[in-house]
Novice: 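First the structure, then my questions, so here it is.
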Amino acid sequence: MRNRHVYHCPLRWGDLDALGHVNNGRYVDYLQDARVDFLFRTAKELGADNLETGLLVARHEVQYRAPLHFRPEPVRIELWISEIRAASFTVDYEILDAEPERRTYVEARTKLVPFDFTANRLRRITPVERTALDKLVGA
């Protein structure tokens with residue numbers, strides 16, 4: 001589990017559906033919370049400041065593994081970079097319990113593309129960003 005960013009996500013009572021487990025759409029919110037924490041802390045510490053605000057989500061893939069019921073303890077979200085291309089990169093995630101059980105509730109993937117909001121167009125990953133992202137490639 002090298003190079004994984006860990007985010008502890010609290011569950012909210014309002015996240016539950018009529019069956020008493022976390023609504024499937026809320027998982028994407030959890031992934032976003034973890035990704036923002038990752039980009040604003042870890043990527044920024046590595047010098048990739050533009051990744052904070054200059055990204056668009058191109059695709060989400062979510063694989064639901066088990067229902068998650070409300071509890072006071074947060075879930076653990078582990079994320080890492082799985083692929084870096086010239087003008088995109090992919091973040092993989094697992095939403096799971098903490099040690100020792102490590103039950104997995106969701107496996108997911110998000111493809112992100114750098115975007116220049118001033119020029120209103122996609123852009124390539126800069127060498128500085130690539131260096132930072134390379135340090136976050138994990139499995």
Side-chain angles (χ1 to χ4, degrees):
M1 285 197 321
R2 60 184 179 78
N3 299 327
R4 288 191 175 194
H5 178 79
V6 175
Y7 176 74
H8 297 280
C9 183
L11 303 181
R12 297 170 292 266
W13 185 256
D15 295 346
L16 304 182
D17 62 16
L19 299 175
H21 50 61
V22 174
N23 180 282
N24 67 319
R26 291 295 182 191
Y27 287 106
V28 176
D29 290 338
Y30 295 168
L31 300 176
Q32 177 176 275
D33 290 348
R35 190 173 61 251
V36 167
D37 182 69
F38 166 67
L39 292 169
F40 275 78
R41 284 194 315 127
T42 305
K44 186 174 187 171
E45 289 169 9
L46 295 172
D49 294 359
N50 285 346
L51 292 177
E52 289 177 12
T53 57
L55 289 173
L56 295 177
V57 172
R59 179 176 54 243
H60 284 303
E61 297 173 26
V62 182
Q63 186 87 32
Y64 301 98
R65 297 289 183 201
L68 177 57
H69 297 276
F70 183 79
R71 70 215 194 161
E73 303 83 27
V75 289
R76 178 182 178 97
I77 302 177
E78 296 182 6
L79 61 141
W80 62 96
I81 305 296
S82 60
E83 180 181 45
I84 305 170
R85 302 185 63 92
S88 69
F89 65 97
T90 302
V91 178
D92 284 6
Y93 317 79
E94 287 182 330
I95 298 178
L96 39 84
D97 286 326
E99 303 285 347
E101 189 174 321
R102 291 190 59 88
R103 180 177 189 184
T104 301
Y105 298 100
V106 166
E107 293 172 340
R109 173 172 282 172
T110 301
K111 181 179 179 181
L112 297 162
V113 294
F115 195 81
D116 182 337
F117 286 98
T118 304
N120 198 32
R121 63 177 174 82
L122 297 176
R123 66 175 181 82
R124 296 175 78 75
I125 293 173
T126 67
V128 171
E129 292 167 340
R130 178 172 288 282
T131 299
L133 292 171
D134 278 339
K135 294 175 184 170
L136 302 168
V137 172

Novice: Under the salt bridge (charged side-chain N to carboxylate O under 4.0 Å, His left out) rule, collect the residues that match up with Arg103, sequence neighbours excluded.
Specialist: none
Novice: Which atom names give the shortest non-hydrogen contact between Ser82 and Asp92, and what distance separates them?
Specialist: OG-OD1, 3.1 Å
Novice: Under 3.5 Å, which donor-acceptor pairs link side chains of residues 110-120 to any protein atom two or more places apart or in another chain?
Specialist:
| from | atom 1 | to | atom 2 | distance (Å) |
| --- | --- | --- | --- | --- |
| Thr110 | OG1 | His60 | ND1 | 3.0 |
| Thr110 | OG1 | Tyr93 | OH | 2.9 |
| Asp116 | OD1 | Thr118 | N | 3.0 |
| Asp116 | OD1 | Ala119 | N | 3.0 |

Novice: Can you give me the closest heavy-atom contact between Asp37 and Val6, atom names plus distance?
Specialist: OD2-O, 4.4 Å
Novice: Nearest 0.5 Å, what's the CZ-CG distance between Arg26 and Leu16?
Specialist: 10.0 Å
Novice: Going by atom type alone, with no hydrogens or angles, which donor-acceptor pairs under 3.5 Å involve a side-chain atom of residues 64-74 and a protein atom two or more places apart or on another chain?
Specialist:
| from | atom 1 | to | atom 2 | distance (Å) |
| --- | --- | --- | --- | --- |
| Tyr64 | OH | Asn24 | O | 3.1 |
| Arg65 | NE | Glu107 | OE1 | 3.2 |
| Arg65 | NH2 | Glu107 | OE1 | 2.8 |
| His69 | ND1 | Gly20 | O | 3.3 |
| Arg71 | NE | Glu73 | O | 3.1 |
| Arg71 | NH1 | Asp97 | OD1 | 2.6 |
| Arg71 | NH2 | Pro74 | O | 3.4 |
| Arg71 | NH2 | Asp97 | OD1 | 2.8 |

Novice: How long is the gap from CZ on Arg130 to CZ on Phe89, to the nearest 0.5 Å?
Specialist: 11.0 Å
Novice: Kindly say whether Val137 contributes a backbone atom to a donor-acceptor pair with the side chain of Arg4 at under 3.5 angstrom?
Specialist: no
Novice: Can you measure from CG (Asp33) to OH (Tyr7) and round to the nearest 0.5 angstrom?
Specialist: 4.5 Å
Novice: About how many Å separate CZ of Arg124 and OG1 of Thr126, when rounded to the nearest 0.5 Å?
Specialist: 11.5 Å
Novice: Any salt bridge linking Arg109 with Glu83? Criterion: basic side-chain nitrogen under 4.0 Å from a carboxylate oxygen.
Specialist: no
Novice: Return the CG to NE2 distance between Leu136 and His5, rounded to the nearest 0.5 Å.
Specialist: 9.5 Å
Novice: Using every non-hydrogen atom in the two residues, find where Tyr30 and Ile77 come nearest and quote the distance to one decimal.
Specialist: O-CD1, 3.5 Å
Novice: With the 4.5 Å side-chain cut-off for hydrophobic clustering, are Ile84 and Phe38 part of the same group?
Specialist: yes
Novice: In a check of side chain to side chain contact (heavy atoms under 4.5 Å, CB included) between Val106 and each of Ile95, Val28, Val75, Val22, which one passes?
Specialist: Ile95
Novice: Could you pull out the closest heavy-atom pair between Ile125 and Arg85, with the gap in Å?
Specialist: CD1-O, 3.3 Å
Novice: Answer yes if Leu133 and Leu79 sit in the same cluster of Ile, Leu, Val, Met, Phe, Trp and Tyr residues linked by side chain heavy atoms under 4.5 Å apart, and no otherwise.
Specialist: yes
Novice: Can you hop from Leu39 to Val57 via hydrophobic side chains spaced under 4.5 Å?
Specialist: yes
Novice: From Gln63 CD over to Tyr27 OH, what is the distance, rounded to the nearest 0.5 angstrom?
Specialist: 13.0 Å
